Structures are given as C-alpha cells and as structure tokens.
Amino acid sequence: MTEKQQHRIVEKVTHGERLSADEGLALYDCKDLLLLSSMAACPRRKYNGNTVYYNRNFHLEPTNVCVNDCVFCSYRRRPGEAGSWTLSPDDMLARCKPYVGTPVTEVHIVGGVHPQRDIYFYASLLSSVKRLLPQVAIKAFTAVEIDYMAQQAGLSYRESLRLLQAHGLDALPGGGAEIFDETVRRQLCPSKTGSHDWLRIHETAHRIGLRTNATMLFGHIETPAHRIDHLIRLRTLQDATGGFDAFIPLKYKARHNALSGVGEVSTPEVLRNMAVCRLMLDNIPHIKAYWPMLGKDVMQLALLFGADDVDGTIDDSTAIYSMAGADEQHPRLTVPELEAFVTAAGFVPVERNTFYQPVV
Ligand code: V47
Ligand code: SF4
C-alpha cells in the first residue's frame, strides 16, 4: 500500500465512506496490524460501541452423511461409513430436552445433506423442537441444505422457506458460502449449491422476513482478490435487502481432510482478515469471532480487530471444527467464562438473543 493510498483509506474510514475493491485489496497488503486494528474500530464503534455480544445456545447436528464432497470438509461421511451418524427425531428431541426450563435462547441446526431426508422430515422436526422449546429461536439449515430440500420436493426457494418458516424456522445460519468465485468454488466444492443460488436463497429469506448470517471460508487456495469479490457480493445483496445480521469469517482448519496439504494461515492473517471484513462490510452490523473455530485467545484478539460477537455457550454440541483439528475439542463455555473473556479484552459483554436484542 502506498503512503498516499493509506492516507486516503484512513480518511475515508474516519468519515465512514465506503471502500472500493482496490482499497480492500490494499488493506490485505497492509503489514501494519495496529493501523488495521484502529481503522476497524471506527465501524465497530459506530455499530456496537464498546459492546461484545454473546448468546446461550446449543447445536443440533442431525447427520454427517452428505451427498456433497467438499475437499475442505473433515466431517462428512458416506452412509454406513465408520464415524457416520444419523439421528432419529427421537434422538434429536432427547438432545433438546435438557434445555427445557433453562435460559437458552437459540438452537443452531445444521448438518450434512442426507439423501433420504426431505423437507417434510425437517419441517416436522422444527415443529417438534418448537413445541418442546417454545422460547428458543431456531436458526437452521444452510442455503446448501435448503437448496437440496427445495429441488427434491420440486418447490421454489420461496415455497420451501415459507414452509419451514411456518413450522418454526426463525433464521438461517451463514454456512455454505465458502468463496463465491466460481473457479475456486469448482475446486473446493464442485457439487454443491453455486454462488448465485446461495445468494438467491438468502435474498428470498430476507424478502419473507427471515434474518440470516453469512460466512466466508478463507485461508486455503483463495487469493485476496477472491476474498474481496466475496465481500463485495455480500455487501451488494445487503444494500438491496438489509437482511444479514452477522458475518462470520471461518478460518480453514486443515486436519483430516483432502485439502490438508495447503496448511493453515497464521494468527496475524486471521486478524488482518477480520479487520478487512469489518471495513469492507460497512452495511452488516455484526462481525462474529466464532470461538470454537478460533480458540479463546484469538477470539479475544479478534475483538480488537472489529469483531463484536463471540457466538455462545455451545455446550459441546458441535463437531465440525473439532473434527477438522480445532484446539477446542469439546467446545463449551459458561456465561461467567464468556463474560470474563470479553471483559479481559476491554469490552462490555451483553447477552443477546438470535435477533441481537439484549436479553434482560
Ligand atoms: O459452510 C467446514 C465450514 C461451515 C471446515 O451462522 C470449515 O452463526 C473451516 O456456517 N475448516 C458451516 N471451516 C458452519 C457455519 C457456521 C458456524 C458458526 C456460526 C454460524 C452462524 C455458521 O463450516 C461450512 C464451511 O464453510 N467448514 N469444514 C474446515 N475444515
Ligand atoms: Fe457436506 Fe457441508 Fe461437508 Fe460440504 S461442508 S461435504 S456440504 S457437510
């Protein structure tokens, strides 16, 4: 980044002006992490002041059997393969029962794309979960799962999302976005939902009143230009709908998958990326430092690079990252622990619900 360019970017950030793709690329080139940290603090302060959000949540992973074959995935198994699981509705309700009468506010339901499970199965699951836990918001199914359900049932995206919404779906998680660039996507996850359809599903969800998240899987074979392209496609959709609540940069974890040879990016690169995402996504209110993937130390540092949300208590209910070699093999934090991590990093912890309303 030239001195002139740096000066211009600092000026734009200070005045809350939108950064161009070229400026985003220059930021990825910036070696001065402290400068990136102080720039990312501008949009962070504007949206969230000194607050860091967390929630009380758990995950439900119905199956790791999946018709797709993403090269970065350590989680997916073929039907009947060692290490595969497919939970029955009763199994899943049994996992929800311990949360009856507790202050948990969200269940996150995401799994593999199982060839024998259709939209009616999942609609019925949503109804049963809602009956058991009426106070708990259901954030469920990546656009990839929605796409498969819709195609299998011969329904449009709108009809599919409406059906699931009528059975209790409250929001969509951000998974399946990976990297939107079509050339990279063909190498990473050739058989799954394309970028255009991922964006169309989220747009449709926003239009029917469902809030959604977005992710970006980074630190594998993509270049900074691919990341910027990804962020700008999200920013453009957000300009049109305003339906994204949070963005989650997901660091590629390299254990036990077909892409392991590329290794993992360093912590400074994770922090640089966090700041660039905060700066480029000037219309998405929340940036999440997802602690089961980052680890607790890097999550705390990420708060100094624009993140304002750390996700939740988790209660050792997700295996996606532990199977890919994350340090957190049994991710679970209590509320006092989450609050202590946030306070130690110099921020004010606030418990939120799925819609970022403070829980009082
Ligand atoms: O789409 C899979 C990623 C995603 C690996 O919305 C991997 O609040 C790194 O979307 N290394 C699913 N990442 C998880 C997800 C998510 C997570 C947390 C919060 C939210 C939210 C959403 O996990 C997939 C893929 O990008 N993933 N394998 C891996 N080896
Ligand atoms: Fe299936 Fe998701 Fe793994 Fe891809 S990342 S193989 S869609 S479980």
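Sequential numbering from 1 along the given sequence is applied to the chain's residues. Order of listing sets the numbers, starting from 1, for every ligand and every atom in it. Side chains included, hydrogens not; waters and symmetry mates left out as well; all remaining heavy atoms used. Keep in mind the model is a prediction, meaning the values are calculated, not measured.
At a cut-off of 2.8 Å, C73 is not counted among the residues with an N, O or S atom near atom 1 (Fe) of ligand 2.
The closest protein non-hydrogen atom to atom 26 (O) of ligand 1 is E178 OE1, 2.5 Å. Among protein heavy atoms, atom 3 (C) of ligand 1 sits closest to Y321 OH, 3.5 Å. Looking at atom 10 (O) of ligand 1, its nearest protein heavy atom turns out to be G175 CA, 2.8 Å. Remark: minimum distance from atom 29 (C) of ligand 1 to any protein heavy atom is reached at F72 O, 3.6 Å. In terms of protein heavy-atom proximity, atom 9 (C) of ligand 1 is nearest to K251 O, 3.2 Å.
Looking at ligand 1, you'll find an N or O of N213 within less than 3.5 Å of one of its N or O atoms. At least one N or O atom of G174, backbone or side chain, sits closer than 3.5 Å to an N or O atom of ligand 1. Taking any N or O of C73, backbone or side chain, none lies under 3.5 Å from an N or O belonging to ligand 1. When only interatomic distances are considered, the shortest N/O to N/O separation between L250 and ligand 1 does not fall below 3.5 Å. Considering backbone and side-chain atoms alike, K192 places every N or O at 3.5 Å or more from each N or O of ligand 1.
The closest approach between K139 and ligand 1 falls below 4.0 Å for a heavy atom of the residue.
A donor and an acceptor atom, one from each side chain of D309 and Y356, are located under 3.5 Å apart. Neither side chain, S322 nor Q329, offers a donor N or O lying under 3.5 Å from an acceptor on the other.
For the pair R200 and Y157, the cation-pi criterion (under 6.0 Å, within 45° of the ring axis) is not fulfilled.
Closest approach of G176 and V144 over heavy atoms only: CA-CG2, 3.8 Å.
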